[in-house]
Amino acid sequence: MRWVESGDVRLAVFEEGDPANPTVLLLHGYPDTHRVWNEVATLLRDRYHVVRYDVRGAGESTAPRDRRDYGFDHLVADLGAVIDAQGASRVHLVGHDWGSLQGWEALGRAGLRERIASFTSLGGPGLRQTAHFLRHGRRRDVAVQRIKSWYIGAFQVPVVPELAWGSVMPGVISRTLRREGISPRPGHPAPTLARDGRNGLWMYRRNMGTDGDPGVGDVPVQIIEATRDAFVTPALLASIGQWVPRLRHRKVAAGHWAHRSRPEVVARLIAEFAQSAEPAPAAPTTSATFAASNAPAAASAASAASNAPAAPESAAGSAVSATSAAPAVRWERRAFEGQLVVVTGAGSGIGLATARAFAAHGAEVVCADIDADAAGRAADAIAKDLGGTGHAAQVDVSNIDQMEDFSRNIIAQYGVPDIVVNNAGIVIAGSFLDHTVDDWRRTIDVNLWGVIHGCRLFCAAMVERGEGGHIVNVASLAAFAPSRLLPAYSASKAAVKMLSDCLRAELAGHGIGVSAVCPGFVSTPIARNATYVGADLREEAVRGLARRGYPAERVAAHILRAVHRNQAVVPVNLEGKIGYALSRISPGTMRALARWSGTIRNPGIGR
Ligand code: NAI
C-alpha cells in the first residue's frame, strides 16, 4: 500500500501485478472499499498491473476536513492523482456503483478523459446521462427507475441516514449480500462499514443534482449489466448508447455485487475489453466486438430486418465452412453487433430471413440446416450481400448425436452463442386416422425434440458462461389453434410453446430470456416441403400460402424485436394475433373453428 495525496486527503492505494503490463484501475462503489475487488484483482494480476484505492472517507483513506468535499470535482481530482501516481500514461478504468459514476464523470472531463484507455462500468450510466434519461425517457420507464432509486431521496434527509448507519444499515447490507448468494469474508463488508456509510452519504448529498452535457468523447465503454441488479433498470442502461460512440454491452447473471458473486465472469469481461482497447493487441480479438443495445437501434433493427434483401440462390456451400468479410473488431453501432447467433433451419423460409436479419444488424450467424447446400448458400450470402460473418453447418436437429457434435463444434470454434433460434420444423398434414406412428415420430422428433436438443445443449453452455442470452423457439398459431388437418404438427407446436414458458421461468434467474414466436400463415416453401397423408393437398396448400403474401422477413423482424424486448409469446400477423386472443378469450370458438378447418378448401398448412 502507498499513500497518494489529493488536497487535504490521503488516499490508500494498492497495487498488484507487473507495472510493465497495462494498468487496470478498479474503483469501488458505496459503501464498499477496494477490498470488494479482491477476487477480480487476483484473476487479473497475472496479465495486468492492477491498481485499487479506497475512495476518500472510505476504508483506509482519510476523510476531508470539510465533510462537504465529496463533490465530483474532488472525487475526480482523487482519481487523477492516483492515475498520475502510477506513471502510466493511460489506464483501463473499471467502476462499480459510485465508482462507475466517478468514471462517467471523468469521461466527461477533457484532460482526464485522455488518460482513460477504456472504461468498464459495472452499474448504471453517469448522473448526467441519467438526468437526461429522467427528462426525456418514456414516462413508464422513468417511473420504474425512480421507484428503484427511492433510497437516493432518503439519503438526502439530514441525520436519519447517519443514525441508520449506526444501527440497522450494516445488517441490511449483510442480508442483501446473502440474498445474492455472497458470504461475508474478511474485507467485505469492511470493518469500517458504518463509518464509510456515513461519510459516503455526502457523495449523494453533493452530487445528486449533477446535470449538463452527457457526452463522453470517444473512449471505448463497456457496460456490464448485472441482470438481477435491483437499482438500475434495463431502460436506463439502454439509453447509454446515444452518448457512447464505441459501446460494448454484456450481461452477467448476477445481482448488484456481480464482482463478488461472479468474479470469474467479470474479470474475463474486463480483460477481453481492455485487451481489445489496447493500441496493438498481440492476441486475436475475435470475441471483442462492440454493441450498442439501445431502443432506437433495435427499432431500426426491426424495420430494417423486414427490408432485408432476398437471398440469392447461387453458390453451393460445404458441410462446415466459414466465410467472414467483417473485421475482427467492429465499432459500428448496430443492434446485434458482436453477438453470436445460431439459427436452425436457416436454409429456407423463416430461418433464412432470420439469419440474414441478425447478420444485417451486426451479428455473427451460424446457419444450420439438414440441407448442407442450403446452409452454405445462406452463409455465403451473408458475407456477399451483407458484408457480414456467416458460418454454415449441417445438422439434423432431431438427431441427438449430431446435435451434441454440432453444439460442441460451435462452442469450440466460435464461442457460446448469445442467441439461439430453434426454428427448423416440418409439416405432416392429414387427418389423425391417416397419420402413421412413423408420421408422429418424425413430427415430434424434428419439431419438439429438435427444440429440446437446441435448448438443452446451448442453455447449459449459456448458464455456465454466466452472461445470459436468449432462446427463440419458433412455434406456430397451431400451438393454440386446434385443427383437423394438423394433429401431430399442432401437438408438437403446443409442446414447444409450453416448453418455452417453462424454460423462461427457469432461466430468468440466469439472465436468459426465452420467447415463443407463433406465426400464422407465412409465404415460405413449407407447404411445398410438407408431407401429405390421406388426401394430397399439396398444390392447394402451396397456392394458399402464396396467396397469403406474408413474407418470412416480417417474421424475422418480430424475432429480432422479441429478443430485444425479451417478449414471452409473440403471435405474428393478423391470424396469429386473432387466434392467440381467441384462444384466451373463447377457447370454445377455437374448437368450433377446428371442426370447420379442413372441411372446405382451407388446408391451413404451416400455421
Ligand atoms: P421451410 O420449409 O421454408 O424451412 C424449414 C427449414 O428447416 C428448411 O431449410 C429445412 O431444410 C430445415 N429442416 C427441416 N428439418 C430439419 C432437421 N431435421 N434439421 C435441420 N433442419 C431441418 O419452413 P418455414 O416456413 O420457414 O418454417 C420454419 C419454422 O416456422 C417451422 O418450425 C415451422 O413450423 C414454423 N412456422 C411456419 C409457418 C408458415 O406458415 N410458413 C407458420 C408458423 C410456424
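Between T354 and V555, the closest side-chain pair of non-hydrogen atoms is not below 4.5 Å.
Salt-bridge formation is not detected for the pair D218/R113: no Lys NZ or Arg NE/NH1/NH2 atom is positioned less than 4.0 Å from an Asp or Glu carboxylate oxygen. Using a cutoff of 4.0 Å between basic side-chain nitrogens and carboxylate oxygens, R248 and E337 are not scored as salt-bridged. Remark: R178 does not engage E180 in a salt bridge, criterion side-chain N to carboxylate O under 4.0 Å. Under a 4.0 Å N-O distance rule, the pair E105/R128 qualifies as a salt bridge.
Residue pairs meeting the side chain to side chain donor-acceptor pair (under 3.5 Å) criterion with at least one partner in residues 459-468, sequence neighbours excluded, are R250-E467, R268-E467, D418-R465.
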Side-chain donor-acceptor pairs under 3.5 Å in residues 448-462, sequence neighbours left out?
none

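Between the side chains of T120 and Q222, at least one donor-acceptor pair of N or O atoms lies under 3.5 Å.
Residue V40 comes nearest to I270 through the heavy atom pair CG1-CD1, 4.0 Å, listed as atom of the first residue, atom of the second, then distance.
Aromatic ring centres of H259 and H96: separated by under 6.0 Å.
Within the model, atoms CG of L499 and CG of L503 stand 4.5 Å from one another, a figure rounded to the nearest 0.5 Å.
A search for salt bridge (Lys or Arg N to Asp or Glu O under 4.0 Å) contacts involving D46 returns nothing, not counting sequence neighbours.
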